[in-house]
Asker: 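Submitted below is the structure of interest, expressed as structure tokens.
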Amino acid sequence: MAQITFKNNPVTLVGNEVKVGDKAPDFTVLANDLSPVTLKDSEGKVRLIASVPSLDTGVCDAETRRFNEEVASLGGDVAFYTVSVDLPFAQKRWCAGAGIDAVHTVSDHKDLSFGEAYGVYMKELRLLARAVFVIDKEGTVTYVEYVPEGTSHPNYEAAIEAVKALI
């Protein structure tokens, strides 16, 4: 299992670590209108999925804005999701305030389905760890980054290059 810290304190990740070459695990999260969202909803597209602790923090805000800009220029064959345990109402408010339009913010607050399926649920905090996953059109994981320190940024360039290699 990936070893990570949050504010330099070790945390316990619950769930299964996902690796390159794995079949992407399905999950059920909630859209901003409370409707269920699953991996299958974006079948046939390249998926960039970023899990973040909370959109209401500086690093998560900057990360989601950066990926939103990058993905918007890649066309309709790419689906981008930011997953957090923020309530769907808070995610909707954040997107409106940030002018975000290329990302689907989805909430894992109800069941932690994504957090456990992708091994990013931080038990001590009931938040998701910062991680990035790229999934090809056939549902195979082609890129994984579990960010070692939860308050650090992911490798944006590597993740975007992984997406570009698939479109």
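Only heavy atoms go into these numbers, but all of them, side chains included; no hydrogens, no water, no symmetry mates.
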Asker: Could you tell me whether a side-chain N or O of N68 sits under 3.5 Å from a main-chain N or O of I100, the two making a donor and an acceptor?
Answerer: no
Asker: Looking at C60 and S54, what are the two nearest heavy atoms and their distance?
Answerer: CB-O, 2.8 Å
Asker: Report yes or no: do D33 and S35 form a side-chain donor-acceptor pair below 3.5 Å?
Answerer: yes
Asker: Kindly determine whether D111 and S113 satisfy side-chain hydrogen bond (donor to acceptor under 3.5 Å, both in side chains), including the steps that lead there.
Answerer: CA-CA 5 Å; D111 299 321; S113 171; over 6 Å; no
Asker: Sub-3.5 Å donor-acceptor pair from the side chain of R130 to the main-chain atoms of P154, do we have one?
Answerer: no
Asker: Grouping I, L, V, M, F, W and Y whenever their side-chain heavy atoms are under 4.5 Å apart, do V132 and V52 come out in a common cluster?
Answerer: yes
Asker: Using every non-hydrogen atom in the two residues, find where F6 and G150 come nearest and quote the distance to one decimal.
Answerer: CD1-CA, 3.8 Å
Asker: I'd like to know if Y156 and V120 are part of one continuous hydrophobic network [Ile/Leu/Val/Met/Phe/Trp/Tyr, side-chain heavy atoms within less than 4.5 Å].
Answerer: no
Asker: Is a side-chain donor or acceptor of R47 paired with a backbone partner of F80 at a separation under 3.5 angstrom?
Answerer: no
Asker: What pair of heavy atoms forms the shortest contact from A98 to R65, and how long is it?
Answerer: CB-NH2, 3.4 Å
Asker: Counting C-beta onward and ignoring hydrogens, is there a side-chain heavy-atom pair between H153 and V59 closer than 4.5 Å?
Answerer: yes
Asker: If every non-hydrogen atom of P25 is compared with every non-hydrogen atom of A117, which pair is closest and at what distance?
Answerer: CG-O, 3.5 Å
Asker: Working to the nearest 0.5 angstrom, can you tell me the gap between L112 CG and L127 CG?
Answerer: 9.5 Å
Asker: Find the distance between OG1 (T82) and CG (L128) and round it off to the nearest 0.5 Å.
Answerer: 11.0 Å
Asker: Side chains of F67 and V163: closer than 4.5 Å at any heavy-atom pair?
Answerer: no
Asker: What orientation do Y118 and F114 show, parallel under 30°, tilted 30 to 60°, or perpendicular over 60°?
Answerer: parallel
Asker: Applying the side chain to side chain donor-acceptor pair (under 3.5 Å) test to N32, which of K92, Q91, H104 qualifies?
Answerer: Q91
Asker: Closer than 3.5 angstrom, by distance alone: can the side chain of S51 be matched with the main-chain N or O of V83 as a donor-acceptor pair?
Answerer: no
Asker: Please report whether the ring centroid of Y146 lies less than 6.0 Å from that of F133.
Answerer: yes
Asker: Assess whether atom CD of Q3 is packed by more than 12 heavy atoms of other residues, nucleotides or ligands within 6.0 Å.
Answerer: no
Asker: Check for me, please, whether I4 and V85 land in the same ILVMFWY cluster - side-chain distances under 4.5 Å, paths through other members count.
Answerer: yes
Asker: Kindly work out whether a path of hydrophobic side-chain contacts (I/L/V/M/F/W/Y, heavy atoms less than 4.5 Å apart) joins V46 to L39.
Answerer: no
Asker: Taking D77 for the side chain and I167 for the main chain, is one N or O donor matched with an acceptor at less than 3.5 Å?
Answerer: no
Asker: Does atom NZ of K137 have more than 12 heavy-atom neighbours from other groups under 6.0 Å away?
Answerer: yes
Asker: So which heavy atom on D108 is nearest to which on G115, and how close?
Answerer: OD2-N, 2.7 Å
Asker: Yes or no on side chain to side chain contact (heavy atoms under 4.5 Å, CB included) for F27 and I49, after CA distance, side-chain angles and deciding distance?
Answerer: CA-CA 12 Å; F27 54 83; I49 303 175; 4.1 Å; yes
Asker: I'd like to know if the side chain of E124 reaches the main chain of T12, judged simply by a donor and an acceptor atom lying under 3.5 Å from each other, with no hydrogens or angles considered.
Answerer: yes
Asker: Quick one: does L13's side chain get under 4.5 Å of M122's, heavy atoms only?
Answerer: yes
Asker: Carefully, step by step, assess D86 and R93 under the rule salt bridge (Lys or Arg N to Asp or Glu O under 4.0 Å).
Answerer: CA-CA 11 Å; D86 295 317; R93 175 190 43 76; over 6 Å; no
Asker: Measuring only between side-chain heavy atoms, which start at C-beta, is V141 closer than 4.5 Å to K19?
Answerer: no
Asker: So, for A31 and V106, which heavy atoms are closest and what is the spacing to 0.1 Å?
Answerer: CA-CG1, 4.3 Å
Asker: For G21, is there any backbone N or O sitting under 3.5 Å from a side-chain donor or acceptor partner on T140?
Answerer: no
Asker: Applying a strict under-4.5 Å side-chain criterion to I, L, V, M, F, W and Y, I'd like to know whether Y81 and L87 cluster together.
Answerer: no
Asker: Going by the rule side-chain hydrogen bond (donor to acceptor under 3.5 Å, both in side chains), which residues pair with E149 if we only count those two or more places apart in sequence or in a different chain?
Answerer: T5, T151
Asker: Against R66, only a single residue in E63, E70, E69 fulfils salt bridge (Lys or Arg N to Asp or Glu O under 4.0 Å); can you say which?
Answerer: E70
Asker: My understanding is that only residues two or more places apart in sequence, or in another chain, count here; which of them pass ring pair (Phe, Tyr, Trp, His ring centres under 6.0 Å) with F89?
Answerer: none
Asker: First locate atom OG1 of T38, then atom CG of D26, and finally report the distance between them rounded to the nearest 0.5 Å.
Answerer: 5.0 Å
